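What follows is a set of notes on a single structure, which appears directly below.
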Amino acid sequence: MKFCKILIVLVTALMMWAPVVRAGSVKVITIDGPIGAITLKHFERALKQAESDDAAALIVKLNTPGGVMETTLRITTAIMNSTVPVIVWVAPSGGRAASAGVYITYAAHVAAMASSTNIGSATPVSMGGEMDSAMVKKVVNDAVANLLGSAEKRGRNKTWIEQAVRQGASLPYYAAVDSNVVDFLAEDMDELLAKADGRVVETRDGSDTLHVAGATPEDVSKTFAEQVLEVLTNPNIIFILFSLGSLGLAIELYNPGAIFPGVVGAICIIVALFAMQTLPINYAGLALIILAIVLFLLEIKVTSYGMLTVGGIVSLFLGGLMLIDSPEPTLRISLSVIITVTLCVAAFLVFAVGHVIKSYRKQVTTGYEGLIGQIGKVAERIDREGMVYIAGALWKAVADEAIEKGAPVKIVSGQHQILKVEKLSDSKEG
């Protein structure tokens with residue numbers, strides 16, 4: 001009997017303790033900026049860590065202007081198939097869940113917003129040039145179908161989400177709650193956890209009741225490699241890398257054997273091309289930038305007196321303006337960056353081309369080549385061969401006629417350190 005009482009007490013204690021263990025911690029990931037390949041890597045790592053640590057939930061603190069559709073859909077797919085509940089919190093105040101952010105918010109098991117935030121404008125952006133009307137219709141219909149599936153799964157507003165895709169509709173935080181776009185408002189992490197606590201959600205493993213009130217938030221920060229790659233995938237950095245790459249290759253060809261500029265230039269271009277996978281690229285803009293690089297390199301081989309350089313500079317500027325195909329300013333290259341980089345590249349190339357042109361025009365002044373046309377004096381009688389004194393040095397010389405010692409001569413050519421001279425007549429001497 002006593003043993004049974006002890007067993008009942010232990011079972012009761014375990015039942016009371018189980019929710020506490022479940023609410024021991026929640027993982028937190030912050031997405032602040034455009035959504036790209038690095039965001040996907042960061043999210044997948046955080047979700048895997050939350051699952052392996054048996055966390056009560058994964059909280060996504062979201063503030064984004066949008067991003068690449070393919071990447072976004074991989075994130076939403078991961079959320080839909082997660083065994084850990086995912087809570088998306090649009091924060092801080094002043095933040096937004098625009099475009100790709102809408103997809104992530106609608107896929108979440110629980111969605112919340114802070115005050116002074118907004119959500120919407122989910123119209124897809126093309127990936128590489130303008131789309132014709134038929135393609136636009138297909139892309140938009142696909143986006144609507146995807147979001148309607150998420151809305152059905154999570155019990156969210158279907159009518160508004162179609163407007164967000166087809167018409168670019170947006171909602172402020174208070175209207176989003178009233179319209180059943182998100183579940184509730186939360187100003188800070190404690191309020192978020194308190195309001196999410198007790199909600200029943202559907203994960204891949206079935207129904208799960210959230211026990212997150214009072215849980216300890218644990219940040220899953222970006223790794224050093226992810227931080228570096230995130231910087232490199234910034235549109236402005238991509239343009240700068242491409243420009244530095246073209247300069248590096250140009251310097252290498254201007255000075256063959258320098259090696260370092262060529263290696264750095266090649267690395268910059270390869271990294272820029274990799275980073276472009278994370279952004280909506282307009283291939284016409286990319287083609288113009290590549291054309292600029294080709295024109296810069298041709299200037300070295302073709303004497304155009306700067307015309308190819310001018311064409312390359314114009315091509316680089318236009319390519320920078322067209323490279324990123326997105327209505328979002330944060331996803332485009334800054335005009336000030338385009339102007340600054342173009343002017344720097346132009347200044348360097350003008351200097352380099354000017355130096356090359358000057359070197360073509362400049363007469364050689366070293367070795368026997370620099371002596372051609374100058375006047376010297378025979379130091380040792382020339383009878384087929386002899387010695388002449390010129391420019392402060394003695395040189396072996398040959399001539400077609402015998403020339404006496406002391407006679408003035410003119411240098412007409414040279415070969416193998418031997419000068420060919422001719423005697424100056426009295427009229428020439430005068």
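The structure displayed is predicted, hence computed values, not measured ones.
For the atom pair CZ (F274) and OG1 (T233), the distance works out to 8.0 Å, reported to the nearest 0.5 Å. Taking CD1 of I161 as the reference point, atom CG of L147 lies at 4.5 Å (rounded to 0.5 Å). We find the CD1-CD distance between I259 and E252 to be 7.0 Å, quoted to the nearest 0.5 Å. Between the CD1 atom of I339 and the SG atom of C344 there is a distance of 12.0 Å, given to the nearest 0.5 Å. The CG atom of N146 sits 7.5 Å away from atom OG1 of T77, with the distance rounded to the nearest 0.5 Å. Taking NZ from K420 and CD1 from I418, the interatomic distance works out to 12.5 Å, rounded to the nearest 0.5 Å.
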Give the table of side-chain donor-acceptor pairs shorter than 3.5 Å for residues 173-183, with sequence neighbours excluded, one pair per line with atom names and distance.
residue	atom	partner	partner atom	Å
S179	OG	A175	O	2.8
N180	ND2	G155	O	2.9
D183	OD2	A111	N	2.8
D183	OD2	R156	NH2	3.1

Can I get a per-line list of side-chain donor-acceptor pairs under 3.5 Å for residues 28-41, giving both atom names and the distance, sequence neighbours left out?
residue	atom	partner	partner atom	Å
D32	OD1	N63	ND2	3.1
T39	OG1	G36	N	3.2

List the steps, then state whether side-chain contact (heavy atoms from CB on, under 4.5 Å) holds for I79 with Y106.
CA-CA 10 Å; I79 294 174; Y106 254 61; over 6 Å; no
Where do K396 and V388 land on the side-chain contact (heavy atoms from CB on, under 4.5 Å) test, with the steps shown first?
CA-CA 6 Å; K396 183 179 286 188; V388 297; over 6 Å; no
Show the numbers, then the answer: is there a side-chain contact (heavy atoms from CB on, under 4.5 Å) between E191 and W89?
CA-CA 11 Å; E191 184 179 358; W89 179 33; over 6 Å; no
If you apply the rule side-chain contact (heavy atoms from CB on, under 4.5 Å), what do you find for F242 with S246, and how did you get there?
CA-CA 6 Å; F242 236 124; S246 64; over 6 Å; no
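Closest approach of N236 to N234, counting heavy atoms only: N-OD1, 2.8 Å. G311 and L295 get closest at one heavy-atom pair: C-CD1, 3.6 Å. What you find for A97 and L62 is that their closest heavy atoms are CB-CD2, 4.0 Å. The two atoms that bring I338 and F239 nearest to each other are CA-CE2, 3.7 Å, heavy atoms only. Here the closest non-hydrogen pair linking A284 and M322 is CB-CE, 3.7 Å. In terms of heavy-atom proximity, G320 sits nearest to I333 at O-CD1, 3.6 Å.
Not a single donor-acceptor pair under 3.5 Å links the side chain of D142 to the backbone N or O of K138. With S82 contributing its side chain and A78 its backbone, the two residues share no donor-acceptor pair below 3.5 Å. Here the side chain of E187 pairs no donor or acceptor atom with the backbone of A114 at under 3.5 angstrom. Using modelled atom types, no side-chain atom of Q167 and backbone atom of Q163 make a donor-acceptor pair closer than 3.5 Å. One N or O on the side chain of N157 and one on the backbone of T159 form a donor-acceptor pair closer than 3.5 Å.
D400 places none of its side-chain heavy atoms less than 4.5 Å from the side chain of E422. Taking the side chain as every heavy atom from C-beta outward, F317 and L288 never approach each other to under 4.5 Å. The closest side-chain heavy-atom distance from H42 to S221 is not below 4.5 Å. Between L171 and N118, every side-chain heavy-atom pair lies at or beyond the 4.5 Å cut-off. At a threshold of 4.5 Å between non-hydrogen side-chain atoms, the residues I269 and I293 count as touching. Proximity of V421 to V398: side-chain heavy atoms (C-beta onward) are nowhere separated by under 4.5 Å. Between P85 and L58, the closest side-chain pair of non-hydrogen atoms is not below 4.5 Å. Between V102 and V165 there is no side-chain heavy-atom pair separated by less than 4.5 Å.
A donor-acceptor contact under 3.5 angstrom links the side chains of S170 and S121, judged on distance only. Residues S93 and S115 have side chains that bring a donor and an acceptor to within less than 3.5 angstrom of each other.
R154 and E202 are not joined by a salt bridge, as no carboxylate oxygen comes within less than 4.0 angstrom of a charged side-chain nitrogen. A salt bridge does not link E404 with K423: none of the charged nitrogens is closer than 4.0 Å to a carboxylate oxygen. A salt bridge links K158 with E152: at least one charged nitrogen is closer than 4.0 Å to a carboxylate oxygen. Using a cut-off of 4.0 Å between Lys/Arg side-chain N and Asp/Glu carboxylate O, E380 and K405 are scored as not salt-bridged.
Within a 6.0 Å sphere centred on CZ of R74, other residues, nucleotides and ligands contribute 12 heavy atoms or fewer. Taking a 6.0 Å sphere around NZ of K195, one finds it holds more than 12 heavy atoms contributed by other residues, nucleotides or ligands.
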